[in-house]
Structure formats: structure tokens, C-alpha cells
Amino acid sequence: MQSPVTPVVTESAYLTLHYRLAAMDGTNIVSTFEEKPATLQLGTGQLAPFLEACLIGLPEGTHHTFELTPEKAFGPRNPDLVQHVSRATLTENSNFGEEYAVGDLVEFSAPSGGRFAGVLRSIDDESALFDFNHPLAGQSVKFEVKIIGIL
């Protein structure tokens with residue numbers, strides 16, 4: 001009699017798991033461990049590609065923590081993505097009467113019709129300084145997973 005084969009995560013697997021993304025000091029960024037587990041299909045954009053890559057080949061029942069450098073996570077900080085935006089451009093992308101404070105995440109329309117966002121770092125009468133890097137760019141992170149089931 002053959003023993004049952006333990007399923008493993010593939011590039012298009014449908015799976016149920018708990019996951020946690022945390023700063024290196026252990027501070028949670030997002031976690032499902034205190035809630036219902038997540039159910040998702042790989043390859044559909046529900047998880048960032050670099051997080052999906054960590055899961056490929058893991059067998060059902062695995063509980064593992066990955067430590068990811070900035071290059072393997074959200075990338076290094078790019079100083080070219082810290083840019084001044086004119087107050088006119090900010091007004092064009094704002095709802096009427098909208099006020100901004102340093103630290104706000106502001107969305108802009110891209111010429112292609114898409115959207116992108118930046119964190120407001122400073123503002124004066126003529127321009128605003130935005131950081132368009134991912135908020136976790138330049139940081140190492142921990143990615144903890146517990147694979148509950150694989151279909």
C-alpha cells in the first residue's frame with residue numbers, strides 16, 4: 001500500500017495559509033495568525049511575486065519564516081523617486097478643498113490612466129515633496145507562513 005503524497009505549493013496553487021509580514025524587529029505589518037487564514041490562488045496578484053516565490057515547493061503543513069533583504073523584498077530605496085510636484089499638479093489631482101499634511105499618502109493619475117501614490121514629505125506655497133518609493137523599500141522584512149491546505 002502506498003503512503004499518501006503530501007501536496008506542495010506550485011505556481012498556480014490554490015491554498016489556505018496563515019501569513020505574517022513583519023519588520024525585522026518583529027513589528028507586524030500584516031498578519032492573519034490572529035484571524036481567519038487567507039485563501040488565495042498564486043499567480044493572480046493576490047500576493048507580491050517575491051512572496052509567492054518563497055512559497056513554491058513548500059509542502060502542506062509547513063510553518064516557516066523567511067528573512068528577506070530589501071533586494072529580495074520591496075527593493076532598495078530609489079532617490080529618483082523622491083520628487084517635487086507643483087502645487088498646480090497637486091490641486092489637479094485633489095478633491096475640491098482637500099488639505100494635506102506631511103505623512104499623507106496621496107494618489108495621482110498616471111498619463112496611462114493608472115494610479116500611483118506617494119507619501120507627502122514636505123509642502124510649501126509652490127510645491128510639495130513626495131516620496132514615491134514603496135513604504136517598505138530599503139527595509140529587510142520577515143515573511144512567516146503556515147501552509148494549512150493546498151488544492
Side-chain angles (χ1 to χ4, degrees), residues 1-85 89-90 93-95 98-123 128-151:
M1 182 171 183
Q2 291 184 343
S3 60
V5 176
T6 303
V8 297
V9 178
T10 62
E11 291 179 0
S12 61
Y14 188 77
L15 54 117
T16 300
L17 75 162
H18 276 296
Y19 67 91
R20 178 174 84 106
L21 190 62
M24 293 305 287
D25 68 3
T27 304
N28 279 351
I29 297 164
V30 63
S31 176
T32 66
F33 279 92
E34 292 79 35
E35 306 167 6
K36 292 186 334 185
T39 299
L40 51 88
Q41 183 170 8
L42 296 190
T44 62
Q46 293 175 288
L47 277 181
F50 68 89
L51 296 177
E52 287 189 1
C54 293
L55 302 176
I56 304 300
L58 294 179
E60 187 175 84
T62 297
H63 189 169
H64 187 76
T65 300
F66 299 88
E67 292 189 0
L68 304 172
T69 64
E71 294 75 23
K72 296 200 180 212
F74 294 93
R77 290 195 53 73
N78 181 345
D80 293 339
L81 293 179
V82 178
Q83 298 186 0
H84 284 277
V85 173
T89 300
L90 185 57
N93 283 277
S94 302
N95 293 322
E98 192 163 8
E99 296 289 325
Y100 296 105
V102 171
D104 285 352
L105 182 66
V106 180
E107 283 195 4
F108 291 87
S109 296
S112 63
R115 307 279 297 163
F116 62 98
V119 175
L120 179 61
R121 296 293 181 211
S122 67
I123 190 166
L129 182 66
F130 282 94
D131 185 346
F132 294 104
N133 283 285
H134 187 283
L136 296 173
Q139 296 182 39
S140 294
V141 294
K142 291 182 182 181
F143 178 50
E144 179 184 4
V145 295
K146 182 176 183 183
I147 309 292
I148 297 167
I150 302 171
L151 296 177

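Remember, it's a predicted structure, so these values are computed and weren't measured experimentally.
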At what distance, to the nearest 0.5 angstrom, does NZ of Lys72 lie from OG of Ser140? 11.5 Å
Nearest 0.5 angstrom please: Thr89 OG1 to His84 NE2, how far? 13.0 Å
One pair to check against side chain to side chain contact (heavy atoms under 4.5 Å, CB included): Thr62 and Val9. What are the steps and the verdict? CA-CA 10 Å; Thr62 297; Val9 178; over 6 Å; no
Looking at Phe108 versus Phe132, is the centre-to-centre ring distance below 6.0 Å? yes
Of the non-hydrogen atoms in Phe33 and Val145, which two are nearest, and what is the gap between them? CZ-C, 4.4 Å
Any side-chain donor paired with an acceptor under 3.5 Å for His63 and Glu144? yes
Grab the two heavy atoms, one from Val102 and one from Arg121, that are nearest each other, plus how far apart they are. CG1-O, 3.4 Å
Please report the shortest heavy-atom distance between Ala128 and Ile123, naming the atom on each side. CB-CG1, 4.0 Å
Residues Pro59 and Thr6: closest non-hydrogen pair is CB-CG2, 4.0 Å
Has Glu52 got a side-chain atom pairing as donor or acceptor with Leu42's backbone, closer than 3.5 angstrom? no
Whether His134 and Phe74 hold their rings parallel, tilted or perpendicular, with breakpoints at 30° and 60°: parallel
Got a second to check how far Glu60's CD is from Lys146's NZ, nearest 0.5 Å? 11.5 Å
Side chain to side chain contact (heavy atoms under 4.5 Å, CB included) between Leu17 and Leu40, worked out: CA-CA 8 Å; Leu17 75 162; Leu40 51 88; 4.1 Å; yes
Could you give me the CA-CA distance, side-chain angles and deciding distance for Leu120 and Leu90, then say whether side chain to side chain contact (heavy atoms under 4.5 Å, CB included) is met? CA-CA 11 Å; Leu120 179 61; Leu90 185 57; 5.7 Å; no
Heavy-atom side-chain proximity of Val106 to Val85 below 4.5 angstrom: no
State the CZ-NZ distance between Arg20 and Lys142, to the nearest 0.5 angstrom. 7.0 Å
In this structure, OH of Tyr100 is separated from CG of Leu105 (nearest 0.5 Å) by 10.5 Å
Can you measure from CZ (Phe130) to CZ (Phe116) and round to the nearest 0.5 angstrom? 9.5 Å
Atom of Asn78, atom of Asp80 and distance for their closest heavy-atom approach: OD1-N, 2.8 Å
For Glu71 and Pro76, indicate whether the former's side chain and the latter's backbone hold a donor-acceptor pair under 3.5 Å. no
Trace of the side chain to side chain contact (heavy atoms under 4.5 Å, CB included) decision for Val141 with Phe66: CA-CA 8 Å; Val141 294; Phe66 299 88; over 6 Å; no
Answer yes or no: is there a donor N or O on one side and an acceptor on the other, between the side chain of Asp25 and the main chain of Thr27, under 3.5 Å? yes
Heavy atoms only: give me the nearest Thr39-Tyr14 pair and the separation to one decimal. CG2-OH, 3.4 Å
Counting C-beta onward and ignoring hydrogens, is there a side-chain heavy-atom pair between Leu68 and Leu51 closer than 4.5 Å? yes
Would you check if the side chain of Gln46 reaches a backbone N or O of Gln41 as a donor-acceptor pair within less than 3.5 Å? yes
Whether over 12 other heavy atoms sit under 6.0 Å from Glu11 CD: no
